[in-house]
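Here the structure is a predicted model, which means the values were calculated and not measured. In this chain, residues are counted from 1 in sequence order.
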Amino acid sequence: MVQILILRKVLTGWWAMSNKPMKAGDRKQQEELRMKMARRKKKEISFLPPFMYIATEGTITETKYLERIVENINKKFGMFSRHNRVVLEGYGQSCLKLLDEVANKVSKKYQNTNAVWLVYDKDDFPKDDFDNTQFSAEKRKDRKYKVAWSNECIELWFLLHFQDVQVNIGRSEYLKRLEKYCSYSKTDEDVYSKFKDKTATAIKRAQKLYDAFPAGCAPSSMCPATRFHELVIELLSYLE
């Protein structure tokens, strides 16, 4: 972005400062700069993220983790779009209630959204509710709903940044281990920075953990497992 602004300044200001006729070499340089700026802008526009809506079950931990990434995406592409490319909102609703409320809001306020992500945990919610949230999202006719669940909690995703997890150790143990690794707190304002440098490792571990379960396995039976990394992969692809 800075390079584009510099080039624009050069093209609109530098040559205007001189009253002398422009030399052939100067005209060539000006044209090269203009073409370079045009190519850069075209490249940026071609990689615009789709309009995306992310809804989290919780209103603190997941949103605090994701908002830094979302802010960076919207800032990067802000000059090419009238509206934010990604909208992130916390609901304080679980599973099926989350899906129902999000679907209602998207249909009224975000009709142009290309992708809708639901972020939620298994926690102590009924197995049927947890499973049917994914199944119901996948069966929607608009085909734009995706899920990024964690079984049993988002702390599994965080812990995978530091170690492999092969058996469910429970929420309290996830918290204890995270506190030892990085002074973790669910209410940390900048939780993303604690894990940022180890994201690639966490993605590999999360994918390996998910792939260890048979195809078609119900989400409630996949523990420990998470699909949160799928959302992270998509978001980070727009910041490369």
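- In this structure, the separation between CG on Leu236 and NZ on Lys196 is 9.5 Å, given to the nearest 0.5 Å.
- Considering only heavy atoms from C-beta on, Tyr238 comes within 4.5 Å of Met52 through its side chain.
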Next item on the list: Quick one: do Leu99 and Leu118 satisfy side chain to side chain contact (heavy atoms under 4.5 Å, CB included)? Show the steps, please.
Entry: CA-CA 7 Å; Leu99 174 58; Leu118 305 178; 3.6 Å; yes
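- For the atom pair CZ (Arg205) and NZ (Lys198), the distance works out to 10.0 Å, reported to the nearest 0.5 Å.
- Hydrophobic clustering of Ile, Leu, Val, Met, Phe, Trp and Tyr side chains at less than 4.5 Å, counting indirect connections, unites Val232 with Phe162.
- Side-chain contact between Asp121 and Leu156 is absent, with no heavy-atom pair separated by less than 4.5 Å.
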Check: What's the verdict on side chain to side chain contact (heavy atoms under 4.5 Å, CB included) for Ile69 and Leu88, showing C-alpha distance, side-chain angles and the deciding distance?
Finding: CA-CA 10 Å; Ile69 306 176; Leu88 169 66; over 6 Å; no
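- The cluster map of Ile, Leu, Val, Met, Phe, Trp and Tyr, joined by side-chain heavy atoms under 4.5 Å apart, puts Leu159 and Val167 in the same cluster.
- Under the 3.5 Å distance criterion, the side-chain polar atoms of Lys194 are matched with a main-chain donor or acceptor of Cys182.
- A salt bridge links Arg171 with Asp124: the distance from a Lys NZ or Arg NE/NH1/NH2 to an Asp or Glu carboxylate oxygen falls below 4.0 Å.
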Note to self: Ile73 vs Phe77, test: side chain to side chain contact (heavy atoms under 4.5 Å, CB included). Steps then yes/no.
What the structure shows: CA-CA 6 Å; Ile73 292 174; Phe77 297 98; 4.0 Å; yes
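- Using cut-offs of 30° and 60° for the angle between ring planes, the His161 and Phe158 rings count as tilted.
- For the residue pair Val147 and Ala137, the shortest heavy atom distance occurs at CG1-CB, 4.1 Å.
- Side-chain contact check for Tyr53 and Glu89: at least one donor-acceptor pair (N or O, by modelled atom type) lies under 3.5 Å.
- By the rule that hydrophobic residues join a cluster once side-chain heavy atoms approach within less than 4.5 Å of another member, Tyr210 and Ile233 end up as members of separate clusters.
- Taking both residues in full, the closest heavy atoms of Lys97 and Gln93 are given as CD-OE1, 3.5 Å, listed atom of the first, atom of the second, then distance.
- Checking Tyr184 against Glu155 by side-chain atom types alone, a donor-acceptor pair falls below 3.5 Å.
- To the nearest 0.5 angstrom, Lys186 atom NZ is 9.5 Å from Leu178 atom CG.
- Around atom CD of Gln111, more than 12 heavy atoms belonging to other residues, nucleotides or ligands sit under 6.0 Å away.
- Here the closest heavy-atom approach between residue Phe125 and residue Ser94 is recorded as CZ-CB, 3.3 Å.
- Asn104 places no side-chain N or O within donor-acceptor distance of the main-chain N or O of Asp100, the cut-off being under 3.5 Å.
- By the neighbour-count criterion of 12 heavy atoms within 6.0 Å, atom NZ of Lys144 is densely surrounded, having more than that number from other residues, nucleotides or ligands.
- Aromatic ring pairs are classed by plane angle as parallel below 30°, tilted from 30° to 60° and perpendicular above 60°; the pair Trp157 and Phe228 is tilted.
- In this structure, NZ in Lys76 is found 14.0 Å from OG in Ser81, a value given to the nearest 0.5 Å.
- Contact of the Asn72 side chain with the Leu235 side chain is not registered, since no non-hydrogen atoms from C-beta on lie closer than 4.5 Å.
- Under the 3.5 Å distance criterion, with hydrogens and angles disregarded, a donor-acceptor pair is assigned to the side chains of Gln163 and Tyr181.
- When all heavy atoms of Val102 and Ala55 are compared, the closest pair comes out as CG2-CB, 3.3 Å.
- For the pair Arg140 and Tyr145, the distance from NZ or CZ to the six-membered ring centre is under 6.0 Å and the angle to the ring normal is within 45 degrees.
- Note: the hydrophobic cluster containing Val87 also contains Leu98 (ILVMFWY, side chain heavy atoms under 4.5 Å, direct or indirect links).
- When all heavy atoms are compared, the tightest approach of Gly90 to Thr59 is C-CG2, 3.8 Å.
- Ion pairing between Glu173 and Arg177 holds under the 4.0 Å rule for side-chain N and carboxylate O.
- Using a 4.5 Å cut-off on side-chain heavy atoms (C-beta onward), Ile54 and Val119 make contact.
- Checked against a 6.0 Å centroid threshold, the rings of Phe135 and Phe130 do not count as neighbours.
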Next item on the list: Using the side chain to side chain contact (heavy atoms under 4.5 Å, CB included) rule, take Tyr120 and Gln134 through it: C-alpha gap first, then chi angles, then the decisive distance, then the call.
Entry: CA-CA 10 Å; Tyr120 57 97; Gln134 174 177 310; 3.9 Å; yes
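- Contact of the Pro224 side chain with the Asn151 side chain is not registered, since no non-hydrogen atoms from C-beta on lie closer than 4.5 Å.
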Item checked: Residue pair Glu101, Lys105: steps toward the salt bridge (charged side-chain N to carboxylate O under 4.0 Å, His left out) verdict -> CA-CA 6 Å; Glu101 288 202 17; Lys105 188 168 189 176; over 6 Å; no
Item checked: From CA spacing to verdict: salt bridge (charged side-chain N to carboxylate O under 4.0 Å, His left out), Lys176, Glu179 -> CA-CA 5 Å; Lys176 289 180 182 178; Glu179 289 170 359; over 6 Å; no
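- Phe51 carries Arg85 over the face of its six-membered ring, with the cationic atom under 6.0 Å from the centre and within 45° of the normal.
- Leu96 places a side-chain heavy atom less than 4.5 Å from the side chain of Ser136.
- Both Leu239 and Met79 are assigned to one and the same hydrophobic cluster, defined by single-linkage of ILVMFWY side chains at heavy-atom distances under 4.5 Å.
- Side-chain contact between Asn168 and Glu152 is present, with heavy atoms from C-beta onward closer than 4.5 Å.
- Separating the OG atom in Ser150 from the NZ atom in Lys122 is a distance of 13.0 Å, to the nearest 0.5 Å.
- Taking a cutoff of 4.0 Å between a charged side-chain nitrogen and a carboxylate oxygen, Glu234 and Lys146 qualify as a salt bridge.
- Thr56 places none of its side-chain heavy atoms less than 4.5 Å from the side chain of Tyr91.
- Here Asp190 contributes atom CG and Glu67 contributes atom CD; the two are 9.0 Å apart, rounded to the nearest 0.5 Å.
- For Lys64 and Asp188, the salt-bridge test fails: no basic side-chain N is under 4.0 Å from an acidic carboxylate O.
- For the pair Arg227 (side chain) and Trp149 (backbone), a donor-acceptor distance under 3.5 Å is absent.
- Atom CG of Asn112 sits in a sparse spot, with 12 or fewer heavy atoms from other residues, nucleotides or ligands closer than 6.0 Å.
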